[in-house]
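Accompanying notes for the structure given below.
Excluded from the calculations below are hydrogen atoms, water molecules and symmetry mates; all remaining heavy atoms, backbone and side chain alike, are included. Numbers here simply count residues along the sequence, with the first being 1.
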Amino acid sequence: MTVTTNPINEARRLIVKIGSSLLVDEASGHIRRTWMDSLCDDVARLRARGQEVILVSSGAVAVGRRHLGLTPPLRLEEKQAAAATGQIRLAHAYQEALERHGITVAQVLLTLADSEDRRRFLNARNTLDTLLRLGAVPVINENDTVATTEIRFGDNDRLAARVAQMSGADALVLFSDIDGLYTADPRKNPDARFLAEVTEITPDIEAMAGDPGSSVGTGGMVTKLVAAKICLSAGCRMAICKGEPLHPLTALENGARVTWFLPSAGPMTARKQWIAGSMSPMGSLHLDDGAARALASGKSLLPAGIRAIDGEFDRGDCVLVRDGAGRVIGRGLSAYAADDARAIMGRKSADIESVLGYRGRDEIIHRDDLVMEG
């Protein structure tokens with residue numbers, strides 16, 4: 001795949017990662033409000049043309065430690081205290097910057113477990129989908145106030161890639177203090193060659209990564225390549241480019257130098273490949289003939305079309321889908337645990353709330369979470 005048009009213009013859902021060194025003045029610990037305002041102007045412009053935007057923002061610890069009088073290096077509990085103070089200031093700054101455009105901001109704090117545990121992954125994904133549907137701009141950061149060394153993401157490049165994977169984003173932009181990937185660190189090696197496109201993270205590509213270059217941020221090219229691996233496997237394009245200019249997304253659209261990491265499949269294709277080949281089914285759903293025909297025509301699986309259920313599974317687990325003769329015709333992610341699925345099978349979606357006592361999804365398996373055989 002080669003970039004023929006700007007992926008920023010094509011992205012239905014765009015993730016933008018902002019590092020601490022761009023957002024926070026290292027000497028004073030203050031948020032760079034002029035730069036933040038220019039970024040939010042760009043976000044508002046993209047939103048106005050129908051695109052969805054999620055911001056993944058560092059900076060809470062860098063902002064908070066100044067107000068608490070903490071001096072680096074910080075112990076874990078001091079980082080958590082700084083994050084607790086800085087997070088509220090950071091969220092308020094984003095709120096003010098986007099409120100000028102009439103845009104609502106929603107703060108979402110995540111830990112690594114939220115992306116690794118399937119149920120928490122689904123909850124986070126559904127929250128992001130709902131916020132975007134309601135017109136909000138989610139601003140995401142790692143939950144540094146509770147994360148420990150063992151469970152934290154450790155860098156917001158990887159967090160941003162996980163969010164891209166979780167949300168089915170089309171593109172992720174990592175704003176950096178460097179304009180892309182080079183064969184060596186261009187600040188140290190004048191012979192370093194710039195790479196405009198990368199389609200695979202090979203050992204040679206990994207060897208090009210350098211050490212983190214900022215005393216404020218915790219990222220570097222190593223973490224950006226880890227993020228690129230996640231994005232490529234999720235079918236999401238990823239960019240590394242300079243974030244320092246005002247209106248950085250506009251600069252990127254207008255031809256600023258950038259390295260694009262280009263997957264061979266789109267987000268939905270990659271997601272369905274993951275369901276088809278990377279998950280062990282925990283049970284089976286047996287359908288009537290009408291439901292089997294509906295799935296073959298691209299419909300979601302409703303509870304009314306299920307005749308029997310085998311196995312024990314939780315919400316978000318992979319299950320096999322079988323026709324009336326017991327043949328496997330597909331597999332997908334169940335929106336309900338086995339006991340709840342048994343309670344509503346054969347019933348109309350309108351009956352779900354009265355049967356279960358809560359309003360769940362209308363579908364047992366949404367078509368986006370379904371892979372048909374053959």
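- Under the 3.5 Å distance criterion, the side-chain polar atoms of Asn141 are left unmatched by any main-chain donor or acceptor of Leu109.
- Linking Ile, Leu, Val, Met, Phe, Trp and Tyr residues whenever their side-chain heavy atoms come within less than 4.5 Å places Ile205 and Met238 in a single cluster.
- Summarising the geometry, atom OG1 belonging to Thr130 is positioned 10.5 Å from atom CZ belonging to Arg125; distances are rounded to the nearest 0.5 Å.
- Residues Met372 and Leu320 fall into different hydrophobic clusters, defined by Ile, Leu, Val, Met, Phe, Trp and Tyr side chains chained together at heavy-atom separations under 4.5 Å.
- For CZ of Arg45, the number of neighbouring non-hydrogen atoms (other residues, nucleotides, ligands) closer than 6.0 Å is greater than 12.
- Separating the CZ atom in Arg322 from the CG atom in Leu285 is a distance of 10.0 Å, to the nearest 0.5 Å.
- Residues Ile15 and Ala160 share a closest heavy-atom pair of CG2-O, 4.2 Å.
- Put simply, the side chain of His101 does not reach to within 4.5 Å of the side chain of Arg47, judged on heavy atoms.
- Pro263 and Gly235 make their closest contact through CG-C, 3.5 Å (heavy atoms, listed as atom of the first residue, atom of the second, distance).
- Every side-chain hydrogen bond (donor to acceptor under 3.5 Å, both in side chains) that Asp114 has, sequence neighbours left out, goes to Thr111, Arg120.
- What you find for Asn6 and Leu252 is that their closest heavy atoms are ND2-O, 3.3 Å.
- A pairwise comparison of heavy atoms in Arg89 and Ile31 identifies O-CD1, 4.1 Å as the closest pair.
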Check: So Asp42 and Thr250, side chain to side chain donor-acceptor pair (under 3.5 Å) or not? Walk me through it.
Finding: CA-CA 6 Å; Asp42 282 351; Thr250 298; 2.6 Å; yes

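- Taking both residues in full, the closest heavy atoms of Met208 and Leu181 are given as CB-CD1, 4.4 Å, listed atom of the first, atom of the second, then distance.
- Hydrophobic clustering of Ile, Leu, Val, Met, Phe, Trp and Tyr side chains at less than 4.5 Å, counting indirect connections, keeps Leu74 apart from Leu23.
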Next item on the list: Could you give me the CA-CA distance, side-chain angles and deciding distance for Tyr336 and Ile352, then say whether side-chain contact (heavy atoms from CB on, under 4.5 Å) is met?
Entry: CA-CA 11 Å; Tyr336 292 90; Ile352 291 175; 3.6 Å; yes

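- There is a side-chain donor-acceptor pair under 3.5 Å between Arg66 and His30.
- Look at Arg237 and Glu10 and you find a salt bridge, because one of the NZ, NE, NH1 or NH2 atoms lies within 4.0 Å of a carboxylate O, short of that distance.
- The hydrophobic clustering, which links ILVMFWY residues whose side-chain heavy atoms are closer than 4.5 Å, places Val226 and Val56 apart.
- Thr183 contributes a side-chain N or O that, together with a main-chain N or O of Arg193, makes up a donor-acceptor pair within less than 3.5 Å.
- Using a 4.0 Å cut-off between a side-chain N of Lys or Arg and a carboxylate O of Asp or Glu, Asp368 and Lys272 do not qualify as a salt bridge.
- One finds a salt bridge joining Asp157 and Lys224 here, because a Lys/Arg side-chain nitrogen approaches an Asp/Glu carboxylate oxygen to under 4.0 Å.
- From Leu39, atom CG reaches atom OH of Tyr94 across 6.5 Å, with rounding to the nearest 0.5 Å.
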Tabulate below the donor-acceptor pairs under 3.5 Å that side-chain atoms of residues 338-346 make, not counting sequence neighbours, or state none.
residue	atom	partner	partner atom	Å
Asp340	OD2	Tyr358	OH	2.8
Arg342	NH1	Glu312	OE2	3.3
Arg342	NH2	Gly311	O	2.7

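- Distance alone, capped at 3.5 Å, places no donor-acceptor pair between the Arg361 side chain and the His366 backbone.
- Looking at every heavy atom in both residues, Arg65 comes nearest to Ala82 through N-CB, 3.6 Å.
- Surrounding CG of Leu246 are more than 12 heavy atoms belonging to other residues, nucleotides or ligands, all under 6.0 Å away.
- Following chains of ILVMFWY side-chain contacts shorter than 4.5 Å, one cannot reach Leu70 starting from Val24, and the two form parts of different hydrophobic clusters.
- Atom CG of Asn143 and atom CG of Leu110 lie 8.0 Å apart (nearest 0.5 Å).
- Salt bridge present: Asp25 and Arg32 bring a charged side-chain N and a carboxylate O closer than 4.0 Å.
- Look at Arg162 and Glu142 and you find no salt bridge, because none of the NZ, NE, NH1 or NH2 atoms lies under 4.0 Å from a carboxylate O.
- With a 4.5 Å cut-off on side-chain heavy atoms, Asn254 and His247 do not count as touching.
- Atom CZ of Arg307 has 12 or fewer neighbouring heavy atoms from other residues, nucleotides or ligands inside a 6.0 Å radius.
- Using a 4.5 Å heavy-atom cutoff, the side chains of Leu333 and Cys318 are in contact.
- To the nearest 0.5 Å, the span separating CD on Gln273 from CZ on Arg271 amounts to 12.5 Å.
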Note to self: Working note: Asp289 + Asp323, criterion side-chain contact (heavy atoms from CB on, under 4.5 Å); need CA distance, chi angles, decisive distance, verdict.
What the structure shows: CA-CA 7 Å; Asp289 291 341; Asp323 64 14; 5.7 Å; no

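- Separating the CD1 atom in Ile140 from the CG atom in Leu128 is a distance of 4.5 Å, to the nearest 0.5 Å.
- Judged by distance alone, the side chain of Ser57 and the main-chain N or O of Ile18 form no donor-acceptor pair under 3.5 Å.
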Enumerate, atom names and distances included, each donor-acceptor pair closer than 3.5 Å involving a side-chain atom of residues 294-305, sequence neighbours excluded.
residue	atom	partner	partner atom	Å
Ser297	OG	Ala294	O	2.8
Ser300	OG	Arg367	N	2.9

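- Arg359 and Glu353 are not joined by a salt bridge, as no carboxylate oxygen comes within less than 4.0 angstrom of a charged side-chain nitrogen.
- A donor-acceptor pair under 3.5 Å is formed between the side chain of Asp288 and the backbone N or O of Ala291.
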